[in-house]
Amino acid sequence: MHNNSITQLAEGLRAGDFSSVELTRHYLQRINQLDEGLNSFITITEEQALAQAEAADKKLTAGEGGVLTGIPIAHKDIFCTQGVRTSCGSRMLDNFISPYDATVVERLSDAGVVMLGKTNMDEFAMGSSNETSFYGPVRNPWNLDKVPGGSSGGSAAAVAARLCAAATGTDTGGSIRQPAALCGITGIKPTYGRVSRYGMIAFASSLDQAGPMAASAEDAALMLQAMAGFDQRDSTSMQQPLPDYSATLNESLQGLKVGLPKEYFDEGLDAGVRQSVEQAIEVYTALGAEVREITLPNTGLAVATYYVVAPAECSSNLSRFDGVRGGYRCDNPVDLEDLYKRSRSEGFGEEVKLRILIGAYVLSAGYYDAYYLKAQKLRHLISDDFKQAFEDVDVIMGPASPTTAFGVGEKSDDPVSMYLSDVYTIATNMAGLPGMSIPCAPVGGLPVGLQIIGNYFDEARLLNVAHQFQQQTQWHQQLPEGV
Ligand code: GLN
């Protein structure tokens with residue numbers, strides 16, 4: 001059953017080949033069998049899942065519900081889920097049971113999905129390898145000695161191992177696309193404002209965006225359909241018409257203008273990954289696309305700019321975790337200051353503390369102009385590069401990640417090399433543009449992601465461009481050994 005697409009599963013449910021309860025049990029059993037080695041789940045909500053599945057079966061028998069009714073999925077543990085622990089991968093929130101659902105969770109529930117559980121992630125979504133989680137590292141199903149990427153590494157590993165039909169993720173600087181690339185699945189980060197951030201624990205509010213992680217573009221389209229749309233509870237949510245993402249998947253790519261930024265094929269790019277991405281681009285040429293080289297001249301500034309803006313916003317967002325209003329509280333504080341200090345020192349992990357310190361520094365009175373203000377200006381330059389580029393091309397393509405999955409522990413002591421994992425994804429977040437990663441030919445047995453970047457609110461085109469590739473190739477259907 002787990003090799004089927006969401007559309008096929010929906011057909012199976014309607015034809016009575018299996019019930020949602022049976023399908024849910026099947027995935028729960030897979031989680032039981034396979035997740036010990038992967039550690040992709042923090043919480044498994046078996047009882048709730050079976051109750052949701054029963055409700056879905058009733059609907060299906062009555063001839064009601066939509067394509068997602070009764071489909072088992074998982075949520076990244078950054079989304080608030082009513083009555084269920086929402087840890088954000090942190091000791092700070094290990095005991096937090098959310099009193100409400102995030103909009104994304106609510107909308108997917110309304111669409112009838114079954115939630116199997118909450119997936120592991122880098123602490124507060126800070127990381128590129130899923131090694132900063134309080135709940136331990138996640139392993140890559142293609143090779144257990146390798147990382148799955150981060151921060152949505154739990155969702156990526158779970159989908160790659162088919163422990164769920166699809167999952168949710170969030171992307172602040174690459175956290176949907178980079179783990180999707182490293183685990184060989186399909187992930188899309190929508191335009192900033194396309195999907196509500198309400199109930200999604202904030203890391204860097206001006207960059208964070210939720211999106212689906214799935215086995216194919218076709219499945220991602222169905223998930224995004226349910227997740228996206230205006231939400232008055234998120235002040236940055238955009239009032240834009242919501243297209244039917246599945247309706248345009250089969251549009252022809254004849255005459256599609258594809259730009260390849262020369263900065264995305266620099267010396268930092270692994271030779272094998274380059275070859276795989278170039279082969280993927282040939283598939284597009286064969287489909288009638290016109291490919292040309294373009295330039296995004298400020299690409300080299302993106303990582304440095306991000307590591308001022310994101311920590312600044314994180315230091316402000318995370319100040320609410322004070323040991324008083326919720327979250328972890330230290331034992332026997334001697335006074336209020338001791339309570340604050342020890343609760344935060346003990347509740348947060350090293351990477352999170354590093355980011356808070358950097359953020360507080362760049363926002364401090366003496367350095368605000370030199371760092372934070374400067375970074376905001378550079379952010380404009382980075383966005384302008386894309387604006388210019390999209391005057392001549394429809395989509396931009398390149399690698400999602402400079403390398404395939406690296407070893408567990410390999411970059412843990414070298415933050416700069418870790419931060420460079422997102423060198424091709426971060427600029428998209430700075431500009432608020434949508435970006436996607438789809439699997440192309442593996443290198444050394446490890447998946448490679450082709451990144452497709454679109455103009456604002458052009459998710460339908462990205463999904464169309466991805467789907468057409470997946471009609472020509474089988475990479476997205478390849479499964480790791482033992483899965
Ligand atoms: N790897 C980047 C970071 O550590 C991006 C994380 C993300 O997109 N959430 O900040």
Side-chain angles (χ1 to χ4, degrees), residues 76-79 88-90 119-133 137-138 147-156 167-183 187-190 192 195 197 200-213 302-318 348-359 362 375 379 400-403 405-406 410-412 414-437 449 451 453:
K76 183 176 182 179
D77 210 15
I78 198 168
F79 292 100
C88 222
S90 182
T119 58
N120 206 343
M121 54 180 285
D122 277 303
E123 186 178 7
F124 284 99
M126 297 171 200
S128 305
S129 65
N130 230 294
E131 293 168 293
T132 72
S133 169
V138 178
V147 302
S151 65
S152 313
S155 290
T168 53
T170 63
D171 191 312
T172 303
S175 279
I176 287 177
R177 290 159 289 160
Q178 187 255 14
L182 271 42
C183 288
I188 177 164
K189 176 203 99 73
Y192 184 77
V195 176
R197 290 184 298 109
M200 191 175 112
I201 295 170
F203 161 14
S205 310
S206 77
L207 302 159
D208 298 342
Q209 184 62 200
M213 305 180 76
V303 173
T305 307
Y306 173 90
Y307 280 99
V308 172
V309 174
E313 294 185 22
C314 124
S315 76
S316 162
N317 273 325
L318 270 57
F348 290 134
E350 291 306 306
E351 184 64 26
V352 172
K353 283 189 264 198
L354 177 67
R355 306 273 181 118
I356 292 172
L357 287 174
I358 297 172
V362 300
R379 190 171 176 178
S401 161
T403 63
F406 45 92
E410 192 182 318
K411 297 191 180 179
S412 317
D414 184 356
V416 174
S417 123
M418 184 74 88
Y419 295 171
L420 286 171
S421 302
D422 296 312
V423 64
Y424 305 131
T425 49
I426 274 180
T428 325
N429 300 73
M430 303 299 283
L433 290 164
M436 185 161 190
S437 177
Q451 184 176 203
I453 300 167

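Counting starts at 1 for both ligands and their atoms, in listed order.
Among Ser175, Gly150, Cys314, the residue whose heavy atom lies closest to atom 7 (C) of ligand 1 is Ser175.
Glu313 and Ser206 share a side-chain donor-acceptor pair at under 3.5 Å.
Under the 30°/60° scheme for interplanar angles, the aromatic rings of Tyr307 and Tyr419 are found to lie parallel.
Using a 4.0 Å cut-off between heavy atoms, Phe124 makes no contact with ligand 1 at all. By the criterion of a heavy-atom distance under 4.0 Å, the side chain of Tyr306, and not its backbone, is placed next to ligand 1. Within the 4.0 Å heavy-atom criterion, both parts of Ala125, backbone and side chain, lie near ligand 1.
In this structure, atom 3 (C) of ligand 1 lies nearest to the protein heavy atom Tyr307 OH, 3.2 Å. Of all protein heavy atoms, the one closest to atom 1 (N) of ligand 1 is Asp422 OD2, 2.5 Å.
Note on ligand 1: Gly174 sits in its first shell, one or more heavy atoms being nearer than 4.0 Å. Not a single heavy atom of Tyr419 lies less than 4.0 angstrom from ligand 1.
Here the side chain of Arg177 pairs no donor or acceptor atom with the backbone of Gln451 at under 3.5 angstrom. Counting only distance, with no hydrogens or angles, the side chain of Asn120 and the backbone of Asn130 share no donor-acceptor pair below 3.5 Å.
Within the 4.5 Å cutoff, no side-chain heavy atoms of Ile78 are placed close to those of Phe203.
Summarising the geometry, atom OG belonging to Ser151 is positioned 12.0 Å from atom CZ belonging to Phe124; distances are rounded to the nearest 0.5 Å.
In terms of polar-atom proximity, Arg355 is counted as a contact of ligand 1, with an N or O under 3.5 Å from an N or O of the ligand.
None of Thr170, Asp77, Thr119 except one satisfies the side-chain contact (heavy atoms from CB on, under 4.5 Å) rule with Ser155; the exception is Thr119.
Residue Gly173 has at least one heavy-atom neighbour below 4.0 Å for each of these atoms of ligand 1: 5 (C), 7 (C), 8 (O). Heavy-atom proximity to Met126, at under 4.0 Å, picks out these atoms of ligand 1: 4 (O). When each atom of ligand 1 is checked for a heavy atom of Ser151 under 4.0 Å away, the hits are 9 (N).
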### Query
Would Glu131 and Met418 satisfy side chain to side chain contact (heavy atoms under 4.5 Å, CB included), going step by step from the backbone distance to the final call?
CA-CA 11 Å; Glu131 293 168 293; Met418 184 74 88; 3.6 Å; yes
